[in-house]
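Have a look at the structure below, then the notes.
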Amino acid sequence: MKIATWNVNSVKARLDTVTTWLAEAAPDIVCLQEIKTTDEAFPAEVFEGLGYNCTVHGQKSYNGVAILSKRPPEDVTRGLPAVEGDDHARYLEAVVASQSGGVVRVASIYAPNGNPPGTERFAYKLAWLERLHGHIRHLLRFEEPLVLTGDYNVIPTPDDCYDP
């Protein structure tokens with residue numbers, strides 16, 4: 001099974017590039033981040049025309065994640081376990097059957113960037129990552145293949161950043 005991930009930074013702005021790549025690479029599952037559109041405005045028809053099922057957790061102008069899969073998704077989860085006031089579309093998970101008869105649970109993750117340290121945004125990022133960690137611990141209890149894709153917005157060294 002071929003699984004790919006891509007922070008597209010606006011699926012509509014890069015639609016031609018994404019569809020060209022999909023036609024060439026033909027992954028079984030594609031996880032997109034930073035789609036920057038609502039569920040209703042997501043260009044699902046285009047991807048469906050290429051043979052993909054679309055599962056979307058969108059947000060207007062910001063964030064948003066999607067999973068495109070050649071096989072229908074099941075057991076879809078939009079967002080991490082709820083926390084009051086957190087309406088960011090940053091997490092999407094689904095179970096997808098493989099051709100061999102098994103399944104894989106896949107998540108598309110767009111973690112908050114949370115910079116700079118010491119701000120409310122940084123505290124939000126750390127709390128969000130802790131929620132993600134708790135959810136992953138829960139998922140591991142299923143003892144099934146699990147793929148966590150996405151943009152984690154982690155820069156461990158200054159070399160990992162254009163302008164530290």
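Every value quoted in this text rests on a predicted model; they were computed, and no experiment measured them.
- Salt-bridge check for Glu143 with Arg141: failed, with every basic side-chain N at 4.0 Å or more from each acidic carboxylate O.
- Closest approach of Pro27 to Tyr52, counting heavy atoms only: O-OH, 2.6 Å.
- Here the side chains of Leu129 and Tyr124 are not in contact, with every heavy-atom distance at 4.5 Å or above.
- Judged purely by atom type and a 3.5 angstrom limit, Thr20 has no side-chain atom pairing as donor or acceptor with the backbone of Thr17.
- Looking at Asp86, its side chain does come within 3.5 Å of a backbone N or O of His88 through a donor-acceptor pair.
- No continuous path of hydrophobic side-chain contacts links Leu126 to Leu132 [ILVMFWY only; heavy atoms under 4.5 Å].
- The side-chain heavy atoms of Val104 and Ile29, taken from C-beta on, include a pair separated by under 4.5 Å.
- Listed by first and then second residue, the ring pair (Phe, Tyr, Trp, His ring centres under 6.0 Å) pairs that reach into residues 89-118 are Tyr91-His135, sequence neighbours excluded.
- Summarising the hydrophobic clusters (Ile, Leu, Val, Met, Phe, Trp, Tyr; side-chain heavy atoms under 4.5 Å, direct or chained), the residues clustered with Val95 are Val103.
- Leu50 and Ile67 fall into different hydrophobic clusters, defined by Ile, Leu, Val, Met, Phe, Trp and Tyr side-chain heavy atoms under 4.5 Å apart, directly or through other members.
- Here Arg105 contributes atom CZ and Glu74 contributes atom CD; the two are 10.0 Å apart, rounded to the nearest 0.5 Å.
- Hydrophobic clustering (ILVMFWY, side-chain heavy atoms < 4.5 Å, transitive): Trp6 and Ile35 are in one cluster.
- Without hydrogens or angle criteria, Lys2 side chain to Ala25 main chain gives a donor-acceptor distance under 3.5 Å.
- Residue Gln33 is tested with Asn153, Asp151, Asn7, Thr5 for a side-chain hydrogen bond (donor to acceptor under 3.5 Å, both in side chains); the sole match is Thr5.
- A 4.5 Å side-chain heavy-atom check between Glu48 and Asn53 finds every atom pair outside the cut-off.
- Residues Val46 and Leu68 share a single hydrophobic cluster, defined by chaining ILVMFWY side chains whose heavy atoms lie under 4.5 Å apart.
- Under a 3.5 Å cut-off, the side chain of Arg90 and the backbone N or O of Val65 do not form any donor-acceptor pair.
- Tracing side-chain contacts under 4.5 Å through hydrophobic residues (I, L, V, M, F, W, Y), one never reaches Val76 starting from Leu146; they form parts of separate clusters.
- Side-chain contact check for Val11 versus Glu34: every heavy-atom pair is 4.5 Å or farther apart.
- Between the side chain of Arg131 and the backbone N or O of Pro81 there is at least one donor-acceptor pair closer than 3.5 Å.
- The backbone N or O of Pro112 sits less than 3.5 Å from a side-chain atom of Lys125, completing a donor-acceptor pair.
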Name the atoms and distances for all side-chain donor-acceptor pairs under 3.5 Å in residues 54-62, with sequence neighbours left out.
| residue | atom | partner | partner atom | Å |
| --- | --- | --- | --- | --- |
| Gln59 | OE1 | Asn63 | ND2 | 3.1 |
| Gln59 | OE1 | Ala89 | N | 2.7 |

Run the side-chain contact (heavy atoms from CB on, under 4.5 Å) test on Ile3 and Thr149 for me, step by step, so that the C-alpha distance in whole Å, both residues' side-chain angles and the decisive distance to 0.1 Å come before the verdict. CA-CA 9 Å; Ile3 301 173; Thr149 71; 4.3 Å; yes
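- Contact of the Cys31 side chain with the Val106 side chain is registered, since non-hydrogen atoms from C-beta on lie closer than 4.5 Å.
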Step by step, work out the side-chain contact (heavy atoms from CB on, under 4.5 Å) result for Leu139 and Glu93. CA-CA 11 Å; Leu139 294 178; Glu93 110 190 16; 3.4 Å; yes
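- How far CE of Met1 is from OG of Ser69: 9.0 Å, rounded to the nearest 0.5 Å.
- Minimum heavy-atom separation, Ala41 to Lys12: O-CE, 3.1 Å.
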Set out, in order, the CA-CA distance, both residues' side-chain angles and the distance that settles side-chain contact (heavy atoms from CB on, under 4.5 Å) for Thr77 and Leu92, then state yes or no. CA-CA 6 Å; Thr77 300; Leu92 179 64; over 6 Å; no
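- A 4.5 Å side-chain heavy-atom check between Val18 and Phe47 finds at least one atom pair inside the cut-off.
- One N or O on the side chain of Thr119 and one on the backbone of Phe122 form a donor-acceptor pair closer than 3.5 Å.
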